[in-house]
Amino acid sequence: MPTVWIPAQMRDLTGGEARVAVTGRNLREVIQNLDARCPGVAERLIEGGRLSPLVNIAVDSEVSNLGLLQPVRDDSEIHFIPAVSGGR
Amino acid sequence: MTTEERNLDGVIGKKNGYRVVGTRPIRHDGVDKVTGRAVYGADVRLPGTLYGRILRSPHAHARIKRIDTTRAERHPAVKAIVTARDLPRIEDKYADLGEGTFNFKWVSDNVLASDKVLYRGHAVAAVAATSRLAAEQAIELIEVEYEPLPAVTDVVAAMAPDSPILHEELVTRSLGKPTGEISNVATHFRHAKGDIERGFAEADVIVEREYRTDIVHQGYIEPQTATALWNADDQITIWTSNQGAFGVRESTASVLALPVSAIRVIPMEIGGGFGGKIAVYAEPVAALLSRKSGRPVRVTLSRSEVFQGTGPAPASWVKIRLGAKRSGRLTAAQADIRFAAGAYPGSAVGAAAGCVFAAYDVPNGQIDGYDVVTNTPKSEAYRAPGSPQAAFAAEQAMDELAEILGIDPLDLRIMNTARAGTRRIEGPVFPVIGSYECLVAAKQHPHYTAPLEGPNRARGVAHGFWFNGGGQSSCIIAVNDDGTANLVEGSTDIGGTRASIAMQAAEVLSLAAEDVHPLVADTNSVGYTGVTGGSRTTFATGIAAIEAARDVLRQMKERAALVLDADLASVHFADGEFVAGPGKGISFRELAGRLARTGGPVTGRASVAPTGVGAAFGTHIVDVEVDPETGKVQILRYTAVQDAGRAIHPSYVEGQMQGGAVQGIGWALFEGYQFDDQGRMLNPTLLDYKLPTSLDVPMIDTVIVEVPNPGHPFGVRGVGEVPIVPPAAAIANAIYRAIGVRLTHAPMTPARILEAMGVLQPARA
């Protein structure tokens, strides 16, 4: 099952858990399933049905350029990282 | 992985396995550049072109009460005047243009201020007139009534509860979570690994210090310039010198609320960018003025406008805390990084946080980043955005730790270096990297052990990291019937990328570098290509060129099979020849001459968005002499070591290393915006803002380390940015060892050095 590494500032949504294993074949499914367990995650990561432009997602240490369509493997590591610049 | 394992046609048995890669041909644009025939943005001359000038705010922070253009409109030479009222209202819309995320709502307000001006130099109106003089006169006739407001230019002051607020609607967000708090802090984020408290508890030695860097400008020699023609059919053409024609198209279309297909951007030669020519300033203004006047309009900024009205690197405040065992092994690393984003959110603080400890294997780490708006020009990318500021702090802390522990500063870094498999504090794991190899190469370099005698002289070192970028790129290769090829690409050539990209195509096609003719095309002539920035171009556009060349070979093999009367599967390409068996072959050149009679022209193409970006590391050694009476620092010797993965054209890799080092010397010793208490920049000319000259720097020695990047067919890593990362810290470390005083504020000017030595009292608090 893919493992999502939860950033420090999202651990209020995971009961303090730093890593959560969730099912999913791609990032969209992973975030949906994570949100089902930890409500509020999707709201922070997704805007208008797309990955927030202020967040980069690294799958297996490679920053994805496929957004929510990025496939993940059963043993994948997923990291949410603030975009290089950003803010609003 | 070797080249052969990747089954790259045409790459066998040559020097280092390559025929072209690693050689030093003369650049394709060399003659035009050295004879003055290269055409830059300001060289564009269209019939009837008007001169555009921009009126800028005299206040660092003020509400715009009224703009009256009546008197300017009566000027007989004035053909158009625009203000923010001519811009459509833009809602939040983000795009990543290759070296940072842009919110076009803020971009629009930065192009022409609407209700408030947020820095001195903020554009408020623009005029197009039949002469430059008339345009200058006309902007003086525009009456703007301001309500001045208190200004804040310092990042720490801007975070104070009683600070003036720039954006009344700005709510601090924390990884997408609004905090509900109105402040100048746009974003706060945190990276964490391990247990930071336990890490410091386990440490035998802890060092802690605060550091600052001032705003620094990219200092490109060519000011921004754009010529726009808004045609009667609402098709717009823009000639501009920018780091990415497609980025200009996207930004201008977004600011003007137009489809990208309405705009064609023609990239001109560019006189430097270093990250500062990604955002648009003149382009939307020139387009609006052209629409109103019906004529082409050129807007060219003055040097003073470049300093005050475009985006420099952000000022920083950084606090570093390191813990280590007596052995030197790091146990904990903590950073608090605050960047002055300027007038609108979006500094490089995210990148700084990713860079600050990236070079080291830190078991317990915590990094907090704050993106803070200030009444200064909106900051933009500058060569390894955020990393020089982070390294100025972290690499001095490493030096301090080495001294306390009595360990050689390079040995301490070697002991703690990140390697393949090291997990970074923000989470991902490094693939194959060359951090260790750079440090060892520096340690083994004769410079490091060369005697350095004389008073007030010392040696310093520092190490640096940059992510490098990937992004989208496109190339088209057409085969000529004389056996050469034309290569069309979308990457602006700033640092020799025509050569480095053409050479990669030439390698695949077994052609000489000179037989591939590169052309940087406009946005209607080639597929989408991201900016030349993020050290991505030789990597990503290089892969596009390789794939386009492979596409050429696939088609040429079909022609060869036809000509040789052979099965396609039996045709192989090696050493410039298509071979279908013993004594059965045809050269690339001969086959190229027969294309017309074997099915017509052959054109290869590729559009890519590659992963597999290889990170870059560099280690610098510097010798300095400090004059204790004047505070002047003389650089005596400088050596830059860097992992290039694979140097496609070693001369241009060395040029990047030297250029980055020189710019870093500018950060270290000379460059910085100075403001008065009203937020007015005091040094907005090249007379007062000192850039390093040939008299200030020695020859920069270079050592190219090659730890091939497995994510590129030839092993390429981006090389343009990381060499600006170590210099300021290396020089600070050398100064400390020369005079026994640690300089924590860059630039380390003579005045600051004398203040730190206690010779001078601080000029102001």
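Order of the sequence lines sets the chain letters (A, B, ...), proteins ahead of strands, with each chain counted from 1.
For D60(A), no part lies under 4.5 angstrom from a heavy atom of chain B. Contact of H191(B) with chain A is made through the side chain alone, with heavy-atom distances under 4.5 Å. Heavy-atom distances place no part of P314(B) under 4.5 Å from chain A, backbone and side chain included. With a 4.5 Å cut-off on non-hydrogen atoms, R423(B) touches chain A through its side chain but not through its backbone.
In this structure, CZ in R424(B) is found 7.0 Å from CD1 in I81(A), a value given to the nearest 0.5 Å.
At least one donor-acceptor pair under 3.5 Å links the side chain of Q9(A) to the backbone N or O of H188(B). In this structure, the side chain of E62(A) engages the main chain of G612(B) through a donor-acceptor pair within 3.5 Å. Side-chain N or O atoms of N65(A) include none that pairs as donor or acceptor with a backbone N or O of T611(B) at under 3.5 Å. Judged by distance alone, with hydrogens and angles left aside, the side-chain atoms of S61(A) form no donor-acceptor pair with the main-chain N or O of P428(B) at under 3.5 Å.
Residues A192(B) and R11(A) share a closest heavy-atom pair of O-NH2, 4.4 Å.
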